[in-house]
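These notes concern the structure reproduced below.
As a basis for the values below, the full set of heavy atoms in this structure was taken, side chains included, without hydrogen atoms, waters or symmetry mates. All values reported here derive from a predicted model rather than from experimental measurement.
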Amino acid sequence: MNFSELECSLIRIVNASFMLQRETNFNHTLNMDKPTQYMLQEWIMYPSCSGMKMFLIPTVICFLAALISTPLVLLAICSNFSIRQETRFLLMGNTLVCDILYLLFYTTITICNTLNLKTPKHICVLFLFLLAVTYCGGVLTAAAMVVDTYMAVLWPLHYVSLLPATRTKKLIMLLWLCSFLSSGIAFLTLYFTQKQLPCPLEMCSLPVILLVALHGDDALKLCYILFIGIFLLCLSLILGCYIFLCYKTRETGIWKSVSSRASVTFLMHFTLLFFYFNPLILLLTDALLYMSQVIGLRTGLWVTLTICNVLIVLPKAVSPCLYGLRYRQIYNSLKLFLNLKKHRGVAPVR
């Protein structure tokens, strides 16, 4: 069986399971003929829709955690004038905005798939485009945060003049523009180069679409690999900057204690970067192994589901808590705001 036939079989299996699950939810008793039973049995050999529903749990948990913590950190940044004038906090706030938007769009798609709601093609493409924009924006902002730290450490006397608050806001707008342009170019390239699918996919699921993309033509596969490769290149540049910073500051004595603020801050950033980019490495490895036919369809889909629904969303939920607890300015600003709100809620005694 060639890739085109396997792709059509995969899509038919997903569509059959999707429609059967939808019908089962409306009708408690469903009389299936032999071909339908065969399709269902074939799909049971792979992760079924009922099995895929368990991946909704970590996605929703991460989204709820970010929904609670992210607005608090953003409120602490926006409510304090001195914090709003610092470049690192403005970039951090932009990262958190990208993360919470990504979680919002991805959780919406996942819930629609779980409820067996058929998403129109244009709406599905719009959601995928917004996912690409927000993810790309988060990666670019993370790279900008490393450059900001690099300049603050190596050129402390010129740092304020190089990156004032007004220039940082323009930089954030430029990062959003680059995210929209890069995602738009990628989508337009795929639109004009991809061939018509042998079977229409009725399920707007990012893991399934990523797996189906590996059965496309060479242009689609090239875009898939290049898209991940560009993010891994950003990882290499970010990691190189951090290693160079450690090399430059090793004689200052800030790394002598494991519990020093510099060591803890570096460990926090390095851990977050690892969780941000490790899923991309796994996704690229999974794609290469699948195209080389080292792993099968079932393993490839399970790995892709785990990466998209667990590993990618996990750091986006953890980072607001780490930033809020690590930076004293944010913690004190949030604590002051909550104390003022509590005192205002107490009625004066007459």
Report yes or no: do [X] and [Y] belong to one cluster of Ile/Leu/Val/Met/Phe/Trp/Tyr joined by side chain heavy-atom distances under 4.5 Å?
X      : Y      : value
Leu115 : Phe105 : yes
Ile185 : Phe129 : no
Ile111 : Leu67  : yes
Leu305 : Ile61  : no
Met173 : Leu74  : no

*asked:* Would you call the rings of Phe55 and Trp302 parallel, tilted or perpendicular, taking 30° and 60° as the class edges?
replied: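 Judged by the thresholds at 30° and 60°, the geometry between Phe55 and Trp302 is tilted.
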
*Kindly assign one of parallel, tilted or perpendicular to the pair Tyr102 and Tyr106, based on the angle between their ring planes and the thresholds 30° and 60°.*
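Geometry flag for Tyr106 against Tyr102: parallel rings.
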
*asked:* Please determine whether side-chain contact (heavy atoms from CB on, under 4.5 Å) holds for the pair Thr119 and Ile109, giving the CA-CA distance in whole Å, both sets of side-chain angles, and the decisive distance to 0.1 Å.
replied: CA-CA 9 Å; Thr119 307; Ile109 293 177; over 6 Å; no

Mind listing the closest non-hydrogen atom pair of [X] and [Y] along with its distance?
X      : Y      : value
Val97  : Ile100 : O-CG2, 3.2 Å
Ala66  : Ala317 : CB-CA, 4.2 Å
Leu96  : Ser319 : CD2-OG, 4.0 Å
Cys308 : Pro207 : CB-CG, 3.8 Å
Leu90  : Ala165 : CD1-O, 4.1 Å
Leu104 : Thr108 : O-OG1, 2.7 Å

Nearest 0.5 Å please: distance from the [atom1] atom of [X] over to the [atom2] atom of [Y].
X      : Y      : atom1 : atom2 : answer
Cys98  : Ile172 : SG    : CD1   : 9.0 Å
Leu311 : Asn278 : CG    : CG    : 7.0 Å
Leu56  : Asn309 : CG    : CG    : 8.0 Å
Leu64  : Ser69  : CG    : OG    : 10.5 Å
Leu171 : Thr166 : CG    : OG1   : 11.5 Å
Thr141 : Asp148 : OG1   : CG    : 12.0 Å

Side chain [X], main chain [Y], donor-acceptor under 3.5 Å:
X      : Y      : result
Ser182 : Ser179 : yes
Arg88  : Thr149 : no
Thr87  : Leu163 : yes

*asked:* How about Cys204 and Cys124 - are their SG atoms less than 2.5 Å from one another?
replied: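 Yes, because the SG atoms of Cys124 and Cys204 sit under 2.5 Å apart, which meets the disulfide cut-off.
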
*asked:* Could you walk me through whether Cys136 and Cys178 satisfy the disulfide bond (SG atoms under 2.5 Å apart) test, starting with their C-alpha distance in whole Å, then the side-chain angles of each, then the deciding distance to 0.1 Å, before giving a yes or no?
replied: CA-CA 9 Å; Cys136 184; Cys178 292; over 6 Å; no

_Thr95/Met145 under side-chain contact (heavy atoms from CB on, under 4.5 Å): CA gap, chis, key distance, verdict_ = CA-CA 9 Å; Thr95 304; Met145 291 176 66; 3.5 Å; yes

*Given side-chain contact (heavy atoms from CB on, under 4.5 Å), test Trp176 with Val133 step by step and report yes or no.*
CA-CA 8 Å; Trp176 278 102; Val133 170; 4.1 Å; yes

State, yes or no, whether a side-chain contact exists between [X] and [Y] at a heavy-atom distance under 4.5 Å.
X      : Y      : value
Val303 : Leu282 : no
Gln329 : Asn80  : no
Ile330 : Val73  : yes

_Lys316 and its side chain to side chain contact (heavy atoms under 4.5 Å, CB included) partner, picked from Ile312, Val318, Leu314_ = Ile312

*asked:* For Phe63 and Thr59: C-alpha separation, side-chain torsions, deciding distance, then whether side-chain contact (heavy atoms from CB on, under 4.5 Å) applies.
replied: CA-CA 6 Å; Phe63 173 67; Thr59 303; 5.6 Å; no

_Quick check on Phe187: does its CZ atom have over 12 non-hydrogen neighbours (other residues, nucleotides or ligands) under 6.0 Å away?_
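Yes.
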
